[in-house]
Chemist: 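Just dropping this structure here.
For the single chain, residues carry numbers from 1 onward in sequence order.
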Amino acid sequence: MPDVSASASLPQESAPASAFPLLVVDIGNTSTVLGLADAGLNLTHTWRVRTNRDVLPDDLALQLRGLFDLAGLGGAEMAGPRAAVLSSVAPPVGQNYALALKRHFGITALEVSAAALPDVRVELDIPDAVGADRLCNLFGAEKYLGTHEYAVVVDFGTSTNFDVIGRGRRFIGGVLATGAQVSADALFSRAAKLPRITLEAPLSAIGKNTIHALQSGLVFGYAEMVDGLLRRIRSELSAPAVAIATGGFARTIEGICREIDHYDETLTLRGLVELWASRVGVRA
């Protein structure tokens, strides 16, 4: 497949006001992150809720309405979003969100997949196997490329994904590692006498008690794993790569990892906004 530059996307024109607010939904295995974007393609509100595979479309519609009301968006001036884009790695939940938006808000949501992104070059053995959230990260990372040929997005979720992205919307591949909280839960479940702890960095690597020793191993040890994998990934690339961290655990290791250049908590949601804009051919 020929390389496609980032500037070679669909022709762009100003977005009609009727397309906004735009609802963006990133459905993960543990949590779902939602946001609203305005006509300038800026995120104005964000929320994080637990992913529940048993929740039905009507329940999700009530949840959405409740989030809008909490943000003061429940009046006549904002009856609901006017457009939506969904990324899901939990298929039943993604389908139920799509149904909720169709039934209760009259919106046919754009659902992210490799097949729906002809200008993205997925360089995997099975291109369709790439997760929707990783495609969103590709779009969110574009602004960090600058003069770099490559970017690596480290997405801390249930698993920690290292997404290797090349200029021209190339998804080159990556690494999947066990998430920090999953590692901690596995340790606690197999060692009954170990206390459950908060995953936060202690003051020193050498612990003087069990809690601090666990925090050192789980936080500092995990940060070293991230740094080591980033060094190994960079050594396999033909040019320098910028590294961006996102996801919940990124806040914990911020300032600890030496190989990460930027921290962006909303990278995946912003990627959803940019992806949607590229599909419908609009600009801010």
Chemist: Step by step, work out the salt bridge (Lys or Arg N to Asp or Glu O under 4.0 Å) result for Asp26 and Arg48.
Modeler: CA-CA 10 Å; Asp26 175 34; Arg48 182 181 293 270; over 6 Å; no
Chemist: So, Ser204 side chain and Ile206 main chain: donor-acceptor pair closer than 3.5 Å or not?
Modeler: yes
Chemist: Assigning hydrophobic clusters by single linkage (Ile, Leu, Val, Met, Phe, Trp, Tyr; side-chain heavy-atom cutoff under 4.5 Å), is Val24 placed with Phe20?
Modeler: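 Yes; Phe20 is reachable from Val24 via cluster members.
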Chemist: Evaluate the side-chain contact (heavy atoms from CB on, under 4.5 Å) criterion for residues Trp47 and Val33: first the C-alpha distance (whole Å), next the side-chain angles of each, then the deciding distance (0.1 Å), finally the verdict.
Modeler: CA-CA 6 Å; Trp47 303 276; Val33 186; over 6 Å; no
Chemist: Could you go step by step and tell me if Asn96 and Val55 meet the side-chain contact (heavy atoms from CB on, under 4.5 Å) rule?
Modeler: CA-CA 8 Å; Asn96 285 341; Val55 174; over 6 Å; no
Chemist: Quick one: does Thr268's side chain have a donor or acceptor within less than 3.5 Å of a partner on Asn137's backbone?
Modeler: no
Chemist: Measuring only between side-chain heavy atoms, which start at C-beta, is Ile253 closer than 4.5 Å to Tyr263?
Modeler: yes
Chemist: Might you point out which heavy atoms bring Met225 and Ala177 nearest each other, and give the distance in Å?
Modeler: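 Shortest heavy-atom contact: CE-CB, 4.1 Å.
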Chemist: Answer yes or no: is there a donor N or O on one side and an acceptor on the other, between the side chain of Asn161 and the main chain of Asp163, under 3.5 Å?
Modeler: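 Between the backbone of Asp163 and the side chain of Asn161 there is no qualifying donor-acceptor contact (under 3.5 Å).
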Chemist: With no hydrogens and no angle check, is any side-chain donor or acceptor of Asp261 less than 3.5 Å from a backbone partner on Ala243?
Modeler: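 Confirmed, Asp261 side chain pairs with Ala243 backbone.
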Chemist: Specify the closest pair of heavy atoms between Ala114 and Val130, including all atoms of both residues, with the distance to one decimal.
Modeler: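 Looking at all heavy atoms of both residues, the closest pair is CB-CG1, 3.9 Å.
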Chemist: Verify the cluster assignment for Leu60 and Leu73: are they in a single hydrophobic cluster under the rule of side-chain heavy atoms below 4.5 Å apart?
Modeler: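 Same hydrophobic cluster.
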Chemist: Would the distance check show the side chain of Ser88 and the main-chain N or O of Ala90 forming a donor-acceptor pair, the cut-off being under 3.5 Å?
Modeler: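 Yes, Ser88 side chain to Ala90 backbone: donor-acceptor pair under 3.5 Å.
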Chemist: Examine distances only and state if a side-chain atom of Ser235 and a backbone atom of Arg232 form a donor-acceptor pair shorter than 3.5 Å.
Modeler: yes
Chemist: Between Leu145 and Leu230, is there shared hydrophobic-cluster membership here, with clusters defined by ILVMFWY side-chain heavy atoms closer than 4.5 Å?
Modeler: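 No, Leu145 does not connect to Leu230 through the hydrophobic network.
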Chemist: Do NZ/NE/NH1/NH2 and the carboxylate oxygens of Glu236 and Arg234 come within less than 4.0 Å?
Modeler: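 Salt bridge between Glu236 and Arg234, a charged N being under 4.0 Å from a carboxylate O: no.
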Chemist: Could you tell me whether Arg167 and Glu142 have a side-chain N and a carboxylate O separated by less than 4.0 Å?
Modeler: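 The answer is no: the pair does not qualify as a salt bridge.
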Chemist: Could you go step by step and tell me if Asp185 and Arg196 meet the salt bridge (Lys or Arg N to Asp or Glu O under 4.0 Å) rule?
Modeler: CA-CA 8 Å; Asp185 290 343; Arg196 289 189 172 270; 3.2 Å; yes
Chemist: For the pair Thr32 (side chain) and Arg50 (backbone), establish whether a donor and an acceptor sit closer than 3.5 Å, ignoring hydrogens and angles.
Modeler: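 Side chain of Thr32 to backbone of Arg50: no pair is present.
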Chemist: Check whether Glu111 reaches the backbone of Ser87 with its side chain - one donor and one acceptor, N or O, closer than 3.5 Å.
Modeler: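 No, because the side chain of Glu111 does not come within donor-acceptor range (under 3.5 Å) of the backbone of Ser87.
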Chemist: Can you measure from CG (Leu124) to CD1 (Ile172) and round to the nearest 0.5 angstrom?
Modeler: 10.0 Å
Chemist: Heavy atoms, side chains only, cut-off 4.5 Å: are Leu22 and Pro81 in contact?
Modeler: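 A side-chain contact is absent here, since even the closest heavy-atom pair is not under 4.5 Å.
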Chemist: Determine whether Val164 and Ile233 make a side-chain contact, defined as any pair of heavy atoms from C-beta on separated by less than 4.5 Å.
Modeler: yes
Chemist: Check the orientation of Tyr144 and His262. Use parallel for under 30°, tilted for 30 to 60°, and perpendicular for over 60°.
Modeler: tilted
Chemist: Contact between Thr246 and Val154 at the side-chain level, heavy atoms closer than 4.5 Å - yes or no?
Modeler: no
Chemist: Does a donor on one side chain and an acceptor on the other come within less than 3.5 Å for Asn42 and Thr44?
Modeler: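 Note: Asn42 and Thr44 side chains miss the donor-acceptor criterion.
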Chemist: Name the orientation class of the two ring planes belonging to Phe105 and Phe68 (parallel below 30°, tilted from 30 to 60°, perpendicular beyond 60°).
Modeler: perpendicular
Chemist: Assess the side chains of Ser183 and Thr178: does a donor N or O sit below 3.5 Å from an acceptor N or O?
Modeler: no
Chemist: Give the intermediate values and the outcome of side-chain contact (heavy atoms from CB on, under 4.5 Å) for residues Leu187 and Leu194.
Modeler: CA-CA 8 Å; Leu187 177 62; Leu194 290 180; 3.9 Å; yes
Chemist: What pair of heavy atoms forms the shortest contact from Asp227 to Ile256, and how long is it?
Modeler: OD2-O, 4.3 Å
Chemist: Does the Ser216 side chain pair with the main chain of His212, one donor and one acceptor, at a distance under 3.5 Å?
Modeler: no
Chemist: CD of Glu274 to SG of Cys136: how many Å apart, nearest 0.5 Å?
Modeler: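 Between atom CD of Glu274 and atom SG of Cys136 there are 11.5 Å.
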Chemist: Does Leu269 share a hydrophobic cluster with Leu275, counting links as ILVMFWY side-chain heavy atoms below 4.5 Å and allowing steps through other members?
Modeler: yes
Chemist: Hey, could you give me the CZ/CD distance between Arg170 and Glu149, rounded to the nearest 0.5 Å?
Modeler: 7.0 Å
Chemist: Is a salt bridge present between Arg270 and Asp264, judged by a nitrogen-to-oxygen distance below 4.0 Å?
Modeler: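 Salt bridge between Arg270 and Asp264, a charged N being under 4.0 Å from a carboxylate O: yes.
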Chemist: Please tell me if the side chains of Tyr97 and Gln63 come closer than 4.5 Å, counting only heavy atoms from C-beta onward.
Modeler: yes
Chemist: Going by heavy atoms in the side chains, are Tyr222 and Phe156 under 4.5 Å from each other?
Modeler: yes
Chemist: To check you understand the geometry: which heavy-atom pair defines the closest contact between Ala109 and Leu101, and what is its length?
Modeler: CB-CD1, 4.1 Å
Chemist: Atom CD1 in Ile165, atom CZ in Arg121: separation rounded to 0.5 Å?
Modeler: 14.5 Å
Chemist: For the residue pair Gln181 and Leu199, establish whether any side-chain heavy-atom pair is separated by less than 4.5 Å.
Modeler: yes
Chemist: Rounded at 0.5 Å granularity, tell me how far CG in Leu272 sits from CG in Leu23.
Modeler: 9.5 Å
Chemist: Write down the atom of Ser31, the atom of Thr51, and the distance for their closest heavy-atom approach.
Modeler: C-OG1, 3.0 Å
Chemist: Should Leu99 and Leu64 be regarded as members of a common hydrophobic cluster, given that ILVMFWY residues are connected when their side-chain heavy atoms come within less than 4.5 Å of each other, either directly or indirectly?
Modeler: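 No, separate clusters.
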Chemist: Just wondering, more than 12 heavy atoms not from Leu237 lying within 6.0 Å of its CG?
Modeler: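 More than 12 within 6.0 Å, yes.
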Chemist: May I have the step-by-step check of side-chain hydrogen bond (donor to acceptor under 3.5 Å, both in side chains) for Thr30 and Thr158, ending in yes or no?
Modeler: CA-CA 6 Å; Thr30 302; Thr158 306; 2.4 Å; yes
Chemist: How far apart are the C-alpha atoms of Tyr150 and Val242, what are their side-chain angles, what is the distance that settles it, and do they pass the side-chain contact (heavy atoms from CB on, under 4.5 Å) test?
Modeler: CA-CA 7 Å; Tyr150 302 101; Val242 62; over 6 Å; no
Chemist: Could you report the tightest heavy-atom contact between Ala180 and Thr160, atom names first, then the distance?
Modeler: N-OG1, 4.5 Å
Chemist: I need the Leu36 CG to Arg82 CZ distance, nearest 0.5 Å.
Modeler: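 Interatomic distance, Leu36 CG to Arg82 CZ, rounded to 0.5 Å: 11.5 Å.
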Chemist: Do Phe139 and Leu135 have side chains that get closer than 4.5 Å, going by heavy atoms?
Modeler: no
Chemist: Below 4.0 angstrom, N of the basic side chain to O of the carboxylate: do Arg258 and Glu224 qualify?
Modeler: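 Yes, this pair counts.
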